[in-house]
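Just the heavy atoms: all of them, side chains too, but no hydrogens, waters or symmetry mates, feed the values below.
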Amino acid sequence: MSENMMDNCEDDHYLEDFFPKTIAYNLRPLIDYRIKLLSKNDTMLLPGETQAVNTSCVIKGKKNHRKLSMFLTPHESLPLSFESHGYIEQKYVGRIVIKLTNYTNKRIHLNAGATVAYMVIQPFSIE
């Protein structure tokens with residue numbers, strides 16, 4: 001990776017920092033959050049290429065996120081094919097990585113900090 005590409009890097013954001021500590025039980029079915037997932041680094045996708053792209057969202061090892069339903073969905077103006085639809089395992093810890101494919105005949109450059117996806121989150125509880 002070139003030195004210039006190392007300079008363009010988005011800061012990490014920790015999922016647990018976004019939420020209040022407790023949500024009233026009767027409000028849980030009515031609340032959902034949509035968090036933008038930003039690309040961590042500058043990325044170049046050549047025609048026909050598929051890459052795993054690091055985002056700036058990191059899930060820490062705390063147990064708070066285990067009461068959340070987390071789902072990945074693409075950004076509406078993403079010029080690439082989004083290959084990472086689906087739920088995130090409740091036990092997952094680490095950086096959110098998404099898979100993108102360039103089906104066009106042009107090179108596509110994603111700048112660090114570009115919105116590439118959303119994580120839709122809903123609190124749930126079985127008590």
Side-chain angles (χ1 to χ4, degrees):
M1 186 176 269
S2 72
E3 184 177 317
N4 186 23
M5 290 187 95
M6 292 294 287
D7 293 341
N8 296 332
C9 189
E10 182 68 19
D11 292 336
D12 288 339
H13 305 284
Y14 296 95
L15 181 65
E16 289 79 7
D17 297 341
F18 290 108
F19 300 101
K21 297 297 178 205
T22 59
I23 298 171
Y25 182 77
N26 62 329
L27 296 177
R28 290 179 186 166
L30 304 175
I31 297 172
D32 65 343
Y33 302 93
R34 188 173 82 158
I35 297 173
K36 287 183 181 180
L37 297 179
L38 309 176
S39 62
K40 176 76 175 157
N41 303 311
D42 285 347
T43 305
M44 175 71 70
L45 282 99
L46 301 174
E49 183 178 23
T50 299
Q51 279 192 31
V53 176
N54 288 327
T55 68
S56 61
C57 184
V58 178
I59 299 175
K60 292 189 241 179
K62 293 185 179 179
K63 293 183 180 183
N64 294 346
H65 74 275
R66 295 202 178 158
K67 291 188 177 183
L68 297 174
S69 173
M70 301 178 282
F71 185 80
L72 294 176
T73 186
H75 186 267
E76 51 275 345
S77 64
L78 185 67
L80 300 161
S81 182
F82 186 78
E83 309 287 342
S84 295
H85 284 279
Y87 286 96
I88 299 173
E89 173 67 34
Q90 294 172 4
K91 297 175 186 174
Y92 180 77
V93 174
R95 182 172 308 281
I96 302 295
V97 178
I98 60 170
K99 185 176 172 183
L100 300 174
T101 302
N102 181 2
Y103 286 116
T104 69
N105 58 359
K106 300 176 186 175
R107 290 186 205 193
I108 295 180
H109 181 263
L110 293 174
N111 293 322
T115 304
V116 292
Y118 295 107
M119 183 170 23
V120 180
I121 299 175
Q122 184 175 35
F124 70 90
S125 178
I126 301 174
E127 297 177 309

Only counting residues at least two apart or in another chain, list the ones meeting side-chain hydrogen bond (donor to acceptor under 3.5 Å, both in side chains) with [X].
X: Thr73; result: none
X: Arg95; result: Asp12
X: Thr50; result: Thr101

Could you report the tightest heavy-atom contact between [X] and [Y], atom names first, then the distance?
X: Ser39; Y: Val53; answer: CB-CG1, 4.2 Å
X: Met70; Y: Glu89; answer: CE-O, 4.0 Å
X: His85; Y: Pro74; answer: CE1-CD, 3.1 Å
X: Cys57; Y: Met119; answer: SG-CE, 3.6 Å
X: Ile108; Y: Pro79; answer: CD1-O, 3.6 Å

Point-to-point distance, once rounded to the nearest 0.5 Å, from [atom1] of [X] to [atom2] of [Y]:
X: Lys40; Y: Ile96; atom1: NZ; atom2: CD1; value: 13.5 Å
X: Asn111; Y: Asp42; atom1: CG; atom2: CG; value: 5.5 Å
X: Leu100; Y: Phe82; atom1: CG; atom2: CZ; value: 7.0 Å
X: Ile59; Y: Gln90; atom1: CD1; atom2: CD; value: 11.0 Å
X: Ile121; Y: Leu72; atom1: CD1; atom2: CG; value: 9.5 Å

Worked check of side-chain contact (heavy atoms from CB on, under 4.5 Å) between Val116 and Thr43: CA-CA 11 Å; Val116 292; Thr43 305; over 6 Å; no
Within a strict 4.5 Å, meaning less than it, do heavy atoms of the [X] and [Y] side chains meet?
X: Val120; Y: Tyr33; result: no
X: Leu110; Y: Leu80; result: yes
X: Lys36; Y: Tyr118; result: yes

Sidechain-backbone polar pair: Asn41 side chain, Cys9 backbone, donor-acceptor under 3.5 Å: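 Such a contact is absent between Asn41 side chain and Cys9 backbone.
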Donor-acceptor contact present, side-chain Gln51 to main-chain Leu46, <3.5 Å: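 Side chain of Gln51 to backbone of Leu46, a donor-acceptor pair under 3.5 Å: no, none is there.
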Does one hydrophobic cluster hold both [X] and [Y], with members joined at side-chain heavy-atom distances below 4.5 Å?
X: Ile88; Y: Ile35; value: yes
X: Leu37; Y: Leu78; value: yes
X: Ile98; Y: Tyr92; value: yes

